[in-house]
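Please read the structure below before turning to the comments.
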Amino acid sequence: MSLDLVAYGAFFLTMALTYAVMCLGLNIQWGQTGLFNVGIAAFVAIGAYVSAILTTPDTPDRLGGFDLPIAVGWLGGACAAGVAAWFVGALTIRLRSDYLAIATFGVAVTVQLCVLNLQPLTGGPFGIGFIPRPFNSLAGDPLAFGLANLALMAALVLVLYLALQHLAKSPWGRVLRAIREDEVAAQALGKRPIRFRLQAFTIGGAIMGLAGAAQGHFIGFIAPDNYLPILTFQVWAMLIVGGSGNNRGAILGAIIVWGIWALSAAAVSAFVPPEQQARAAALQIVMIGVGLCLILLLRPRGLVGERRSMLSLGRGRKS
Amino acid sequence: MNPQFIMDGLIAGALIGLGAIGVTLTYSILRFANFAHGEFLSWGAYLALAISGSIGFLSANLTKPIAPFSFGWSLPIAALLAVLLTGVLALALDAVLFGRLRSRGGAVIILVMASFGASLALRSLLEFLFTSKPAYYTKALQIAVRLGGGLRATPDQLLVLGVTLVVVIAIHLLLTRSEIGRSMRAVSENPALAGIAGIDVRRIIRFVWFIGAALACIAGIMTGLLVQIRPYLGHDLLLPLFAAAILGGIGSVPGAMIAGLIVGLSEAAAVQLVGAEWRAAVSFVILVLVLLLRPRGLFGRPA
Amino acid sequence: MTAAVRPTPALATQALVAGYEPDLPIVRGVDLSVAAGELLVLLGPNGAGKSTLVKAIAGVVPIHGGTVSIGGRDITRLPAHRKISEGLAFVPQTENIFGTLSIHENLQIAAAVLPREKRAARIAAMYDRFPDLAVKPARLAGSLSGGQRQMLAIARALMVDPQVLILDEPSAGLSPRIVAEVFAMLTDINASGVTVVLVEQNVKAALAIASRAVILVEGKIRHEGSGESLQNDPILARLYLGTGQTMKADRS
């Protein structure tokens with residue numbers, strides 16, 4: 001019994017850590033750079049699908065299935081999402097700040113449409129199954145399997161965290177901060193804000209793709225329904241709860257919000273009669289939406305807190 | 001290619017244009033992309049549904065279709081009330097959320113984010129109240145009439161085109177000829193100077209919220225009448241609305257309407273050429289092309 | 001000639017603190033009193049806070065402490081558009097007209113503060129006073145020349161018949177000939193009974209028409225005197241050459 005609980009705990013934490021990776025990606029874009037991405041779900045989906053196509057065994061009714069190693073899939077997923085992010089960024093970052101938001105929203109709609117309709121590549125509404133899972137040889141022992149996956153995901157989060165902390169302290173990170181504080185001054189020093197913003201947006205997108213790939217391999221199955229706007233929203237809630245601009249907060253926020261989400265979903269399925277569950281789930285989303293607005297209004301620094309207020313973010317930018 | 005797609009595109013485009021006028025007005029005055037605008041369409045549609053349902057409950061006479069249309073007097077009456085209520089909803093949202101964030105003087109993007117949160121809450125609240133099952137104003141069926149040139153349209157569809165035309169002309173006149181329209185254009189160009197020149201900027205902002213939401217409500221009701229009413233009605237139109245507002249040039253009412261028709265016609269053409277499942281991608285393609293080639297849109301001011 | 005002390009100044013500030021950020025005030029405690037009928041010039045080096053001071057008075061920059069009054073009535077907390085009806089008109093330095101509106105619409109906007117029946121006459125009066133604007137009222141204001149823009153901006157401000165007219169560097173970017181025209185017009189306006197407060201970098205020209213000048217340094221008033229007396233005062237040269245340290249001895 002208690003072993004089951006540990007196995008479940010490992011599963012829960014592993015899932016939470018996949019969200020933590022998305023959150024770290026968003027933190028580079030929003031927390032460090034002030035770029036608003038409404039299409040997180042799209043970049044996560046791109047990572048997940050590209051990795052799945054690269055690593056699944058050859059499938060007759062679907063293009064691809066290249067049977068490559070999982071690591072190649074992760075890398076491919078991250079690169080593909082990074083390229084997509086670069087494209088959207090290159091298109092909009094030089095324009096008004098909210099055009100990027102609108103464009104990423106469009107990407108989310110379009111990617112959702114693509115995974116649904118490009119059936120020969122993505123399996124359409126049925127998604128892709130039999131994605132190789134790390135440590136599959138341990139699958140017979142749920143506890144060992146769960147702990148091994150948790151260790152892998154924790155290692156990924158740790159490596160990313162250290163890399164991002166390092167990046168933030170590097171000259172590159174300092175320029176990014178300088179641009180955020182005072183775009184004109186940074187420009188006067190010969191730094192081209194658009195280039196740095198674009199780099200940050202691309203790296204963030206690639207990290208989201210990596211998160212999608214890792215999550216897909218952990219669950220072993222992906223479908224378009226996993227990448228609806230609600231995913232984007234959850235990741236935002238996580239970053240805001242954690243306090244934007246703070247990598248540790250991003251990880252903590254992911255675990256807290258995923259915990260609340262999983263608990264309330266469990267409560268809904270346990271206490272609400274089946275015919276009312278869709279409604280209760282809707283109410284759950286209402287509460288997250290209201291919660292996000294309340295945090296923006298009342299605790300703009302996030303629950304965990306950060307040195308600087310989000311409200312001063314991007315104040316130096318025009319529009 | 002079947003010429004009927006032109007009629008389908010015009011009708012879809014009229015609805016998109018109407019919604020996009022609201023987006024472009026609020027965008028030019030409030031200076032942020034309001035992701036909750038789509039929810040005003042959905043809320044308008046559902047408010048009209050609830051009110052017309054209640055009216056029908058009180059008097060079955062009022063639900064008897066007014067020939068040649070598919071609905072009874074209960075719907076136009078409900079529409080009027082729904083327009084008012086949707087306007088009130090927008091004002092309430094501004095009072096509790098956007099107005100407070102604005103007065104704090106934060107970055108634009110915080111407002112965008114808040115609108116994103118508000119849209120999710122509003123949409124899911126509809127799903128909670130009405131479930132995601134599609135609803136209809138009327139069960140009556142309509143027969144399309146031939147218009148010549150191989151085009152057909154139902155009386156409801158023709159009514160929608162007529163109402164759109166009237167509303168667009170009215171808004172255009174309001175903006176170009178009236179005192180409040182002049183003030184709106186002034187605030188849109190320079191809110192600080194508008195205040196110095198004696199314009200009550202907050203009053204104009206409230207007025208624009210109301211007008212934008214009212215137009216969204218009308219578009220939502222007409223979409224509900226011609227297609228169906230769903231909680232995602234507005235959300236699914238949001239990208240076409242943004243695409244049309246940006247293509248038309250932020251702040252331009254004729255631009256938003258013309259761009260709405262362009263988006264609607266392109267969608268209809270895409271349905272013919274590549275298939276209905278790709279319809280939603282058309283707006284994205286248009287959006288990308290505008291941002292790439294002419295970010296200020298067809299009739300927009302240079303940034 | 002020193003400013004006479006009168007019971008109710010046309011415009012007064014007391015311990016005014018203002019700036020874009022609450023924790024970074026640019027105006028740091030200014031006591032200013034402008035008597036009715038004066039033409040006051042605000043001078044000072046770049047960054048002294050002259051522009052912020054007049055913007056705060058007009059309600060464009062947030063006030064964090066102190067008071068502003070017009071004719072003895074406290075207008076500190078009024079929003080910008082209400083200050084107009086209290087008799088205060090402000091002409092900003094840049095973007096002081098609506099470029100996307102026609103000349104006529106610019107005037108109509110300003111006239112909207114007046115009772116409906118007085119608007120047409122008042123607009124006609126402005127066209128009389130600024131004949132350049134009357135040539136083609138439907139022209140977009142954005143296409144006007146620098147001098148014409150300044151005329152339109154001043155006409156807009158005068159529309160409400162203000163008691164106090166504040167202008168932020170009206171000579172900026174104009175040719176000397178146009179500057180002379182603008183300053184002559186300001187003298188006229190002042191002579192017709194309107195109290196004028198002028199922020200200027202063009203020290204010589206401004207002092208020539210000023211009845212009194214106030215020098216602002218680092219957000220505080222450091223020196224004041226009549227226009228003529230300051231014209232030859234060495235303090236001005238030192239000020240505009242810019243070293244704050246040498247100022248201490250001259251503190252008034």
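Owing to the predicted nature of the structure, the values given are computational and were not obtained by experimental measurement. Every chain is numbered from 1, with letters handed out A, B, ... down the list of sequences.
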Is [X] atom [atom1] crowded by more than 12 heavy atoms from other residues, nucleotides or ligands, each under 6.0 Å away?
{"X": "C:Arg73", "atom1": "CZ", "result": "yes"}
{"X": "C:Arg129", "atom1": "CZ", "result": "yes"}
{"X": "C:Arg119", "atom1": "CZ", "result": "yes"}
{"X": "C:Gln14", "atom1": "CD", "result": "no"}

- Task: Apply side-chain contact (heavy atoms from CB on, under 4.5 Å) to C:Ala112 and list each qualifying residue two or more places apart in sequence or on a separate chain.
- Result: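 Scan of C:Ala112 (side-chain contact (heavy atoms from CB on, under 4.5 Å), adjacent residues dropped) gives B:Glu179.
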- Of C:Lys83, C:His81, C:Arg156, which meets side-chain contact (heavy atoms from CB on, under 4.5 Å) against B:Ile196?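 Exactly one option meets the side-chain contact (heavy atoms from CB on, under 4.5 Å) with B:Ile196, and it is C:Arg156.
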- Item | Nearest atoms (heavy-atom pairs only) where C:Ile84 meets B:Gly195 |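 In this case the closest contact between C:Ile84 and B:Gly195 is CG1-O, 4.5 Å.
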- Item | Rounded distance (nearest 0.5 Å) linking atom CZ of C:Phe98 with atom CG of B:Asn190 |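 Taking CZ in C:Phe98 and CG in B:Asn190, the distance rounds to 6.0 Å.
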Exercise answer: donor-acceptor pairs, residues 239-254 of chain B side-chain atoms, under 3.5 Å, sequence neighbours excluded:
residue: B:Ser252; atom: OG; partner: B:Gly255; partner atom: N; Å: 2.9

- Message: Using heavy-atom distances under 4.5 Å, tell me whether C:Leu88 contacts chain B through its side chain, its backbone, both, or neither.
- Response: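 When you check distances to chain B, no heavy atom of C:Leu88 falls under 4.5 Å.
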- Message: Can you tell me which portion of C:Pro92 sits under 4.5 Å from chain B's heavy atoms? Options are side chain, backbone, both or neither.
- Response: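 Contact with chain B is through the side chain of C:Pro92 alone.
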- Task: Could you check if a side-chain atom of B:Arg185 sits within less than 4.5 angstrom of a side-chain atom of C:Glu105, using non-hydrogen atoms only?
- Result: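 Result yes, sub-4.5 Å side-chain heavy-atom pair found.
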- Query: Do B:Arg182 and C:Ile109 come close enough that some side-chain heavy atom pair is under 4.5 Å?
  - Reply: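 Yes, their side chains come closer than 4.5 Å.
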